[in-house]
Number of protein chains: 2
Amino acid sequence: MSDSLSKRRLKMWIRLLGVTRAAEGELREFLRVQHGTTLPRFDVMAALYRRREGVTMSELSRMLLVSNGNATTVVDRLESDGLVRRTPSETDRRTVFVALTAEGLAQFEGLAAGHEAEVARMFGGLSEADLDALTDILKRMGA
Amino acid sequence: MSDSLSKRRLKMWIRLLGVTRAAEGELREFLRVQHGTTLPRFDVMAALYRRREGVTMSELSRMLLVSNGNATTVVDRLESDGLVRRTPSETDRRTVFVALTAEGLAQFEGLAAGHEAEVARMFGGLSEADLDALTDILKRMGA
DNA sequence: CCCGAAAATTTCAAACTTGAAATTGTTTTG
DNA sequence: CAAAACAATTTCAAGTTTGAAATTTTCGGG
């Protein structure tokens, strides 16, 4: 007796969540042990690395899919560690741009290669065909 | 110029994380607005629903991929709300079994159908063939 | 039997996260 | 222009999460 389509979607979601949580756990461990940092800090720095010119707080929280309040506190900590800089906008006094400092950039570059290698290691079992199929499906899930 | 395999794996991971976070956000919103509860509480109750006879705290945190300390605090709150019960083991005084109370069971049954429908709605774009392919890949990612 | 290793859970401090409210600034519109 | 609507950020309380340390209990080997 086969599951209903809705039950199959549910099982898929549970499996997806399991894979994601397990991978996050491994990355968290990697960042903690090898680099003394955390996943949320890494995520913020990675977003700022991709947008080297700086982003507003709102853009940042949209990129990371976290609340504004959350972005504020992580940026606060990175700022007080000198890894990130806030610059008020010249044209709109509500707006603040956040960007990596030179120190933040250097630290992130030290992390990025290791992070990429760790991700590649975790998902080493996936062939190019798997990646094609998975990416296609994920794109449609996002839409 | 095509990406290296390791870069492709990294992009896939970022996309996977994005899809998962977006879905978690929708589910969180659904549970909050429709049922006045949260994702971690739902997760614990779902695990206890699947193992109706009860589980130890260690089993519970392994099932949910969260730390022991985390399981303790969520169970504490559910217990003080009368949705969950702790029962000391007869044979090993270190061990505690956790199970849904009658009230917890009733509440979860009220949630489960809506949750399943919400998940089915979010992933309604996936065909059976997609589910087959995705499930196959996720199984291999888990191993 | 006794002791040290291992196991199950809780406790704890620090960090993370959310969602709502507050603050400050901009824009639209009557 | 003034007021109301809207926008960007921070603040805040409550809850979640981690990882390490502490507590209690069990178990195995001498």
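Residue numbers begin at 1 in each chain, while the letters A, B, ... track the order of the sequences.
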Verify side-chain hydrogen bond (donor to acceptor under 3.5 Å, both in side chains) between A:D130 and A:S127, making sure each step is shown before the conclusion.
CA-CA 5 Å; A:D130 288 333; A:S127 66; 3.2 Å; yes
Nearest whole angstrom, please: distance from the P of C:dA15 to the CG of A:L31.
16 Å
Looking only at heavy atoms, which two atoms of B:F123 and B:A23 are closest? And how far apart?
CZ-CB, 3.9 Å
What integer distance in Å separates B:L27:CG from C:dT18:C1'?
15 Å
Are A:R8 and A:K11 side-chain neighbours, meaning at least one heavy-atom pair lies under 4.5 Å?
no
Counting any heavy atom closer than 4.0 Å, what does A:R41 reach on the DNA or RNA strands: base, sugar-phosphate only, or nothing?
sugar-phosphate
Looking at the side chain of B:M57, which of C:dT10, D:dT16, D:dT9 is the nearest nucleotide?
C:dT10
Would you mind reading off the distance between B:L64 atom CG and C:dT9 atom P, rounded to a whole angstrom?
14 Å
Among D:dT9, C:dT18, C:dA8, which is the nearest nucleotide to the side chain of A:V66?
C:dT18
So which one's nearest nucleotide on DNA chain C is more toward 5', A:L39 or B:R28?
A:L39
Sorted by number, residues from residues 70-96 of chain A placing a heavy atom under 4.0 Å from DNA chain D are A:T72, A:R86, A:R94, A:T95, A:V96
Between B:D81 and B:L83 (side chain of the first, backbone of the second, donor and acceptor by atom type, cut-off under 3.5 Å), is there such a pair?
no
Are the charged groups of A:E53 and A:R51 less than 4.0 angstrom apart, N to O?
yes
Whether A:R121 and A:E116 form a salt bridge (side-chain N of Lys/Arg under 4.0 Å from carboxylate O of Asp/Glu) is what I want to check.
no
B:F42 atom CZ is separated from C:dT18 atom P, nearest whole Å, by 19 Å
Closest to the B:N68 side chain, choosing from C:dT10, D:dT9, C:dT18:
C:dT10
How many Å lie between CZ on B:R21 and P on C:dC16, as a whole number?
13 Å
Sorted by position of nearest nucleotide on DNA chain D, 5' first, the leading residue of A:F97 and A:G25 is A:F97
Rounding to a whole Å, what distance do you find between A:E24:CD and D:dT16:P?
18 Å
Do we get B:R28 above B:F30's six-membered ring, with its NZ or CZ under 6.0 Å from the centre and within 45° of the axis?
no
Can you see if the side chain of A:R32 gets near the phosphate of D:dA20 - specifically, an N or O under 4.0 Å from OP1 or OP2?
yes
